[in-house]
Amino acid sequence: MFSFSLNSVSSVLVIIYIIIVVFLSISSLVALTILYKNAEKPSVARTVSVLYAVLFVLVVLLSIHALTTI
Amino acid sequence: MHKLFESQRDDEKIFLVIREHPILPALRLLFVFGLFLIGLAAEFFIPRLLPTVVNGAILSDLSLVIHIYYLGLLLGALLLFIFFYLSVQIVTEMRMVDVDQAGIFRRKVTEIQIENVEEVTSRSHGVLATIFNFGDVTVQTSSAEVDFVFENVAHPEEVKKIILDIYEQYKRLGHRNPRPINLPTPLT
């Protein structure tokens with residue numbers, strides 16, 4: 001579904017992209033864990049986490065979509 | 001009952017939970033949104049302004065770089081919110097607690113007993129501070145090392161008054177009085 005030709009995109013850049021996405025995902029998880037652990041109201045932490053996760057996944061999907069359609 | 005700080009007692013009454021005035025994190029988030037718009041504009045205009053240079057593989061590369069930029073901005077916005085939300089000052093019937101979340105792995109919790117309060121001053125300066133009514137409240141203590149500064153809190157005058165009221169009640173009613181009386185409604 002998300003297959004794309006490495007001829008059209010620098011393969012090095014794709015690898016860098018994957019590394020950065022993994023790094024940002026881990027950083028986000030750490031940040032959200034700290035938020036959950038110390039938040040005064042768990043509902044605020046939950047809302048922010050859901051919102052963040054949706055936006056993060058959306059941007060990743062859009063980037064994959066952009067790669068497959070270009 | 002959920003505790004706001006580690007050493008909070010079960011019967012300890014909390015009168016103030018103060019954070020930075022929301023206008024400041026809102027402005028920071030607005031700045032991040034501005035950076036997002038710049039990325040959006042770059043994604044839209046660069047291929048149209050330079051069609052002969054940016055096409056094919058370069059266009060894909062550009063798209064990838066801009067999406068990495070968006071993810072970075074998103075994480076930046078999350079961190080801004082976390083630093084705002086987790087940095088909090090708490091005033092209870094017997095002490096003041098300053099929780100400073102200065103980084104992901106940097107959290108400092110300072111507390112002083114109400115009885116050590118010596119002087120409370122509020123200060124508001126600048127156009128934004130005057131318009132939105134926020135400023136610093138400095139609590140000087142008998143300890144030479146610790147001075148509490150509540151930075152950029154909303155309604156600094158009222159915060160100062162509440163701290164002084166709690167101090168007065170505390171002095172008048174003594175250490176183990178279960179609850180000070182005639183205190184104003186807590187601000188949040």
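Note: hydrogens, waters and symmetry copies are ignored here, and every other heavy atom, side chains too, is used. Worth saying up front: this structure is predicted, and the values here are computed from it rather than measured. Below, chains carry the letters A, B, ... as their sequence lines are ordered, and counting in each starts from 1.
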- Cation-pi check, B:R48 to B:F44: give yes when NZ or CZ is under 6.0 Å from the six-membered ring centre and within 45° of the ring axis, no otherwise. yes
- Message: Given heavy-atom pairs under 4.5 angstrom as the criterion, report whether the side chain, backbone, both or neither of B:L71 touches chain A.
- Response: both
- Message: Give the interface residues of residues 18-26 of chain A toward chain B, defined by a heavy-atom separation under 4.5 Å.
- Response: A:I20, A:V21, A:L24
- Message: According to a hydrophobic-cluster definition based on side-chain heavy atoms being under 4.5 Å apart (Ile, Leu, Val, Met, Phe, Trp, Tyr only), do B:F81 and B:L27 belong together?
- Response: no
- Note on the structure: Residues B:D136 and B:N152: closest non-hydrogen pair is OD1-N, 2.9 Å
- 4.5 Å side-chain heavy-atom contact, B:D98 and B:V109: no
- For chain B, which residues of residues 45-54 of chain A have at least one non-hydrogen atom nearer than 4.5 Å to it? A:V48, A:Y52
- Query: With a 4.0 Å cut-off, would you call A:E40 and B:R19 a salt bridge?
  - Reply: yes
- Message: I'd like to verify something: which residue of A:L35, A:L32, A:V60 has the highest number of heavy-atom pairs under 4.5 Å with chain B?
- Response: A:L35
- Message: Assess, by modelled atom type and distance only, whether the side chains of B:Y70 and A:S63 contain a donor and an acceptor separated by less than 3.5 Å.
- Response: no
- Item | B:E12 vs B:R95, salt bridge (Lys or Arg N to Asp or Glu O under 4.0 Å): CA-CA, chis, key distance, verdict | CA-CA 10 Å; B:E12 194 170 354; B:R95 58 186 151 176; 2.7 Å; yes
- Check whether more than 12 heavy atoms from other residues, nucleotides or ligands sit under 6.0 Å from atom CZ of B:F33, and answer yes or no. no
Please tabulate, one pair per line, all N/O donor-acceptor pairs under 3.5 Å involving side-chain atoms of residues 120-134 of chain B, not counting sequence neighbours.
residue, atom, partner, partner atom, Å
B:S122, OG, B:E157, OE2, 2.8
B:S124, OG, B:F134, O, 2.9
B:T130, OG1, B:G126, O, 2.6
B:N133, ND2, B:H155, ND1, 3.1

- Residue set satisfying side chain to side chain contact (heavy atoms under 4.5 Å, CB included) with A:L29, at least two apart, ordered chain then number -> none
- If you count heavy-atom pairs under 4.5 Å between each of B:L79, B:L74, B:I104, B:I82 and chain A, which one has the most? B:L74
- Please walk me through it: do B:K161 and B:E168 pass salt bridge (Lys or Arg N to Asp or Glu O under 4.0 Å)? CA-CA 10 Å; B:K161 190 176 173 305; B:E168 287 296 322; over 6 Å; no
